[in-house]
Every structure is written in C-alpha cells, then in structure tokens.
Amino acid sequence: MTGLRTVAKAAFEGADNVFNRAFTPAWNPLYHLGTLGWFFYWITIVSGIYLYIFFDTGINQAYASLEYITNVQWYAGGVMRSLHRYASDALIIVMMLHLTREFVMDRYRGVRWFTWFTGVPLLWLVFACGISGYWMVWDVLAQYIAIASTEWLDSLGIFGQSIARNFLNNDTLSGRFFTLMVFIHIAVPLFMLLVMWIHIQRQRNARVNPPAGLAIGTLGMLLVLSFARPAVSQAPANLDRVPSVMDFDWFYLVAYPLLDTLPGRTMWAIAGGGTLLLVLLPWLPPLRRRATASVDLDNCNGCGRCVDDCPFSAVSLEPRTDDAPFSHEAVVIDNLCTSCGICVGACPTATPFRRTSELVPGIDLPDLAIRELREQTLAATAGLSGNARVMVYGCGHGSRLDPLRGPDVAVMELPCIAMLPPSFIDFVITRNHVDGVFLTGCAAGNCHYRLGIDWTGQRLAGERDPYLRKRVPRERVAECWTGITRNRLLQEELRAFQGRLGMLPPIKRPPRRSPGEQAGEAAEQHA
Ligand code: HEM
Ligand code: SF4
Ligand code: SF4
C-alpha cells in the first residue's frame, strides 16, 4: 500500500510540476480542486436560476421550453444552459480528482477523517443533482434515464407499486414525476450547500474561492466551450419506442450501461459496498497518531498566536484557570490535533535564546520538544566544517533529506517546517553555529498540513508573527519546496546556496550583551 501510494503521490507531483510550469504554482488547478468544486457549484446555481425562470414543468411543455431557451434565446438562455451543463461536468471531474488526491496524499486519516467522511455524501448528492437535471429535459436520454433509474429503484422491492411502470407508456406517465424531479433538482443542491459547508468546518482558513486569475480563466474556457459546442436536447422522448441511439454524458451516467447488464440488486450491492468502503477508508488502516500538542500554563500568556496558526482549529483560547495575570490561556482539543507542531513555531516563548533550563514553551510537542530541537540542532552543527556550513531543516513529507548530509551540512527533520520558530534561524546564524539555513519540505501549494509553507513564508517575510528579525542577513536563508519527486533539484539548490554562502564575508558574532540587554531581548521575544 505504502509503495503504491508513493508511486501515485509521485505521479500527482509530476503532474503538479507540469501544471506549475503552465499556470504558475499560484494558479495551478491541481492545487485548487476543492475551491474549483465550489466555483463550479456556484456557476451551476446561477445558471440554473436563470434557466428555471423560463423552464416549464409539464410533460409536454418541458422539452418545448428548453428548445425555446436553446434556439430562440441562444445568446443568453442558450449560453446559460451550456454553462449549466459544462460546469456540472467540470464539478464531477474536479471532485473525483480532489477525492483521489486527498487519498493519495494521505490527508484523510487520523483526525482528518471528518472531512473525508463528510465528502462521501457529496458524491451521492452531486450525482443526484446531475441525473435529475438530465431527466427534466424529457428527451430520449431523459426517457432512458427515467426507465433505468426507476427500474433500479424498483429492484429494492420497498415500493408498493412499480415506479418504472409510470414511464412505460403515455397513459401511465404522470406529471407528478416532473414536479418531483424539479423539487429534487432544487432541494438537493441546497442540501449539498449545507454538506459542503460542514465539509470544511474543521479546516481553519479553508479556501472556498479559487484565485481570481484561475476563476476568470476557467469561466472563460467554459464560455468558449458554450459558444463552440452549445448544449442541446436530443430527440423528444417517445414512450412508444425504446430509446436506442443517443449521446451519452459519461461524467454523470457512467454507471448506467452497468444497470443495463447487471441485476438491480447487484448494482445496489456495488453502490452500497463502494460507499461503505469509502466511509471506512480512514480506518483501513488507521493512522498511527503521535502525541498531541500540550500547553504549559506557566509559559502561556494567552497571546493567541497558536490559535491563529493551527490549520485544524485544534487550539482555542479559554478563560484563565490559574492566577497568572492574563485573561486567557491556550487549550488543545486533542481529537482535532494532527501533531504537526505549527502551533509551537507560532509561540513567542519557543525561542532557543532562552536558557536551556527555562526552555519550556507555552505549547510543545511531547515527541519533539523544543528543548530537544535546540539540543539536537547544537549537536548536529557542532562538527560542521568549511566556510559554507548549512543547517537544513526539512519536513518528513517532502524530498529525501538523508542524501543532503555532509561534512558541511547538518539535517533535522520536523513534522512540518512551520514547527520551526523563526528565532531558531536567528539563533544558529547570529551565534555562528552555521553560515546559512536551508528550509525544505512539501512542494509549494501542496503542504501536507495545509498552511505550513504559507506561514513559514510570511514569518520570514516579516508579515506574520513571530517573524524573523531584521538582523538576520536574508542571503543566509534559503527556501526550496520540492516535494517528493525533485530530489536532484533539492541537492542542486543546496549546492548553489552553499556556493553563494562561500562568497559572503564571515559572520560577525554580535558583541556580548549585558544582563540588562539580555533581559530586554527575552521580553521582546515574549511580546
Ligand atoms: C462537491 C464536492 C466537494 C467540494 C466542493 C469540496 C471542497 C473542499 C474544500 C474547499 C476543502 C478545503 C481545502 C482547504 O482549504 O484546505 C476540502 C478538503 C477536503 N476534502 Fe473535499 N470537497 C468535495 C468533495 C469531497 C469528497 C467526495 C471527498 C472524499 C470522499 C473529499 C475529501 C476531502 C478531504 C479529505 C479534505 C481535507 C484535506 C485536508 O485535511 O487537508 N472532498 N474539500
Ligand atoms: S502562542 Fe504560546 S503563549 Fe500564545 S496562547 Fe499559544 S501557547 Fe500561549
Ligand atoms: S500540533 Fe498542529 S494540529 Fe495540533 S494544535 Fe498544534 S498546530 Fe494545531
């Protein structure tokens, strides 16, 4: 399984690299599959509302009203109809890719089960929306869908009378089914919106809109497609004939040929079994969880930075429970915590400039405490030689780190790169433990813990607290986000960085500070 997943992950990252070159990482659609899903949803809602104004729900009127929309009002209604159809197809594509991607990237187990679990009903809802939409057109395709779907429902054996009987001839065809279809086609998308909202509740700063450029480009493509190949109806339904030749929408109707060949109950078993398998996937096998973050009240001043930075809403600020002169304290919600350590990187008390004996931050990871990180950093850098000594901090989800080690390169692996407080970079460079710091991890746009790379970039750029202090020469810090596929590029970038470091003048150690100045620095780090 692990081997297969690594191959699939490499394939995704390979595709990402190609798309990055074509669209730039900021607009890479593969990094925005969830937000594109939202975008296509809104396009179908807006175009659907327009169509509904002109749509007539009767058995004879439905087809005619759509013909009017498509042919007479082609410049507005026709375009809206095409947008409606193509955006729904696009929704299926991005949803399937999104599901596969989250699975392959292993972002669905452990505490992330909830987001996966709430995605599963979305699959059924999207298909119910699309199929009921095709049904409303009442052409030969709709006739085929109506008979195949109702026969499938009949095979459950729970309805008193056969539903399929309604669609076998004109005498039995009832207008009530159209009303029911229209109701389903409106109610299901509304319910879907609720489930989509629940789906992202555990993601802090969840993105629901794609970047403007990607949205405009995608909408433009849909418009071009709508003019080049407008969506049209097929021949009107004719219950005197069994529909045989018709155009098929493979995105929504992919299972229908199977309905023709396999018994209805077998298809229920496949659909039910498949859904159950999807629901249970986060526990097959369950993720081995590491110890979750823990708060040390003596060192927590309730500043809330850990709350702002946790990508999974796993820390909250609660009223103080001790006598400390602060109004709030951080509290970790264990069953939401992924043990990524990003909160530790955000905590102003997690600074190696503090004395080792005091180095217990407000929030810490029991499996890799910040004190250990400091000790391991010092041990790893102690034996380095040369004029381009580098400390590499990398995350365990990116390129292989071991090949980077060398006489002038020390390596430390963290759960997520944003666990590293910027003060560590300051510490190792200004105290002359190394000549430069090199940060690496997942591919840009594909952070395993969602926001780690973004937060790191903002902290280094001075846009997010705690930020890297100005006194750290920026030419001594490098970032390289390569993911698992670009090991060679990582090594080349590191060598190039060392080459640049070798040309810089040696680092001047700051003069020893008086105890008063040291106290001032500690206060600044705590602020
Ligand atoms: C209409 C369909 C869907 C839409 C619009 C949608 C949208 C989204 C969005 C916006 C996010 C948050 C992205 C972020 O900011 O990090 C997300 C995350 C996620 N989705 Fe979906 N989703 C859909 C269907 C599904 C399905 C069918 C599944 C799987 C069964 C799924 C599984 C996940 C998982 C596991 C995550 C969380 C990844 C993480 O923790 O980093 N989604 N989705
Ligand atoms: S960042 Fe640190 S000091 Fe601030 S609330 Fe969180 S644990 Fe407390
Ligand atoms: S370890 Fe990660 S998930 Fe857990 S509280 Fe800290 S930032 Fe949130």
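Nothing fancy with the numbering, it's 1 onward along the sequence. All ligand and atom numbering here is 1-based and tracks the order in the structure. Just so it is clear, the values below take in all heavy atoms, side chains as well, and ignore hydrogens, waters and symmetry mates.
Proximity of atom 24 (C) of ligand 1 to the protein is indicated by at least one non-hydrogen atom lying closer than 4.0 angstrom.
Listed by number with element, the atoms of ligand 3 under 4.0 angstrom from any heavy atom of A314 are 5 (S), 8 (Fe). Per-residue contacts place L122 under 4.0 angstrom from the following atoms of ligand 1 (heavy atoms of the residue considered): 2 (C), 3 (C), 23 (C), 24 (C). Heavy-atom proximity to S339, at under 4.0 Å, picks out these atoms of ligand 3: 1 (S), 4 (Fe). Near A206, meaning under 4.0 Å from one of its heavy atoms, ligand 1 places the atoms 15 (O). Counting atoms of ligand 3 from 1 in the listed order, those under 4.0 Å from a heavy atom of T338 are 2 (Fe), 3 (S), 4 (Fe). Heavy-atom contacts of G302 reach the following atoms of ligand 2: 5 (S), 8 (Fe) (cutoff under 4.0 Å). Near V315, with a cut-off below 4.0 Å to any heavy atom, the atoms of ligand 3 are 5 (S). For ligand 2, the atoms lying closer than 4.0 Å to a non-hydrogen atom of C300 are 3 (S), 5 (S), 7 (S), 8 (Fe). The contact set between ligand 3 and G341, taken as ligand atoms under 4.0 Å from a residue heavy atom, comprises 1 (S), 2 (Fe). When each atom of ligand 2 is checked for a heavy atom of G362 under 4.0 Å away, the hits are 7 (S). The contact set between ligand 1 and R207, taken as ligand atoms under 4.0 Å from a residue heavy atom, comprises 10 (C), 15 (O). Atoms of ligand 3 found under 4.0 Å from any heavy atom of C340 (numbered from 1 in listed order, with element): 1 (S), 2 (Fe), 3 (S), 7 (S).
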For this session: Please step through side-chain contact (heavy atoms from CB on, under 4.5 Å) for the pair I417 and W481, ending with a clear verdict.
Result: CA-CA 10 Å; I417 196 66; W481 310 113; 3.6 Å; yes

Problem set entry | From CA spacing to verdict: side-chain contact (heavy atoms from CB on, under 4.5 Å), T456, I453 | CA-CA 5 Å; T456 301; I453 296 180; 5.6 Å; no

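The aromatic rings of W113 and W283 are tilted relative to each other, their planes meeting at an angle between 30° and 60°. In this structure, W268 and W124 have parallel ring planes: the angle between them is below the 30° cut-off, well short of the 60° mark. Aromatic ring orientation, H98 versus H199: perpendicular (interplanar angle above 60°, classes split at 30° and 60°).
Nearest to atom 4 (Fe) of ligand 2 among the protein's heavy atoms is C303 SG, 2.3 Å. Nearest to atom 38 (C) of ligand 1 among the protein's heavy atoms is E102 OE1, 3.1 Å. Regarding atom 30 (C) of ligand 1, its nearest protein heavy-atom neighbour is W116 O, 3.6 Å. Looking only at heavy atoms of the protein, atom 39 (C) of ligand 1 is closest to Q203 NE2, 3.4 Å. The protein atom (non-hydrogen) at minimum distance from atom 2 (Fe) of ligand 2 is C347 SG, 2.4 Å. Nearest protein neighbour of atom 37 (C) of ligand 1, counting heavy atoms only, is T115 CG2, 3.5 Å. Summary of contacts: the protein heavy atom closest to atom 7 (S) of ligand 3 is C343 N, 3.3 Å. In this structure, atom 41 (O) of ligand 1 lies nearest to the protein heavy atom R112 NH2, 3.1 Å. Among protein heavy atoms, atom 32 (C) of ligand 1 sits closest to H199 CE1, 3.6 Å. In this structure, atom 16 (O) of ligand 1 lies nearest to the protein heavy atom R450 NE, 2.8 Å. Residue, atom and distance of the protein heavy atom nearest to atom 28 (C) of ligand 1 are G119 CA, 3.7 Å. Among all protein heavy atoms, the one lying closest to atom 8 (Fe) of ligand 3 is C310 SG, 2.3 Å.
Not a single heavy atom of T292 sits under 4.0 Å from any atom of ligand 3. Contact between N301 and ligand 2 is present, with at least one heavy atom of the residue lying under 4.0 Å from the ligand. Residue contacts with ligand 1 include V120, since one of its heavy atoms falls under 4.0 Å from the ligand. For the pair I200 and ligand 1, a heavy-atom separation below 4.0 Å is found.
Using a 4.5 Å heavy-atom threshold, the side chains of W135 and I184 count as separate. A heavy-atom distance below 4.5 Å is not found between the side chains of L225 and S82. Looking only at side-chain heavy atoms (C-beta outward), P282 and F117 stay at 4.5 Å or farther from each other. Proximity of Y108 to T115: side-chain heavy atoms (C-beta onward) are nowhere separated by under 4.5 Å. Two residues are said to be in side-chain contact when any heavy atoms from C-beta on lie closer than 4.5 Å; F438 and L490 meet this criterion.
A salt bridge does not link R290 to D367: none of the charged nitrogens lies less than 4.0 Å from a carboxylate oxygen. Using a cut-off of 4.0 Å between Lys/Arg side-chain N and Asp/Glu carboxylate O, D16 and R101 are scored as salt-bridged.
Between P466 and P422 the shortest heavy-atom distance is O-CG, 3.0 Å.
Atom CH2 of W197 has 12 or fewer neighbouring heavy atoms from other residues, nucleotides or ligands inside a 6.0 Å radius. More than 12 heavy atoms of other residues, nucleotides or ligands sit less than 6.0 Å from atom CH2 of W152.
The CD1 atom of I186 sits 9.5 Å away from atom CD1 of I49, with the distance rounded to the nearest 0.5 Å.
None of D465, D309, D308 except one satisfies the salt bridge (charged side-chain N to carboxylate O under 4.0 Å, His left out) rule with R459; the exception is D309.
Atom 6 (Fe) of ligand 2 has C306 among its coordinating residues (N/O/S atom, backbone or side chain, under 2.8 Å).
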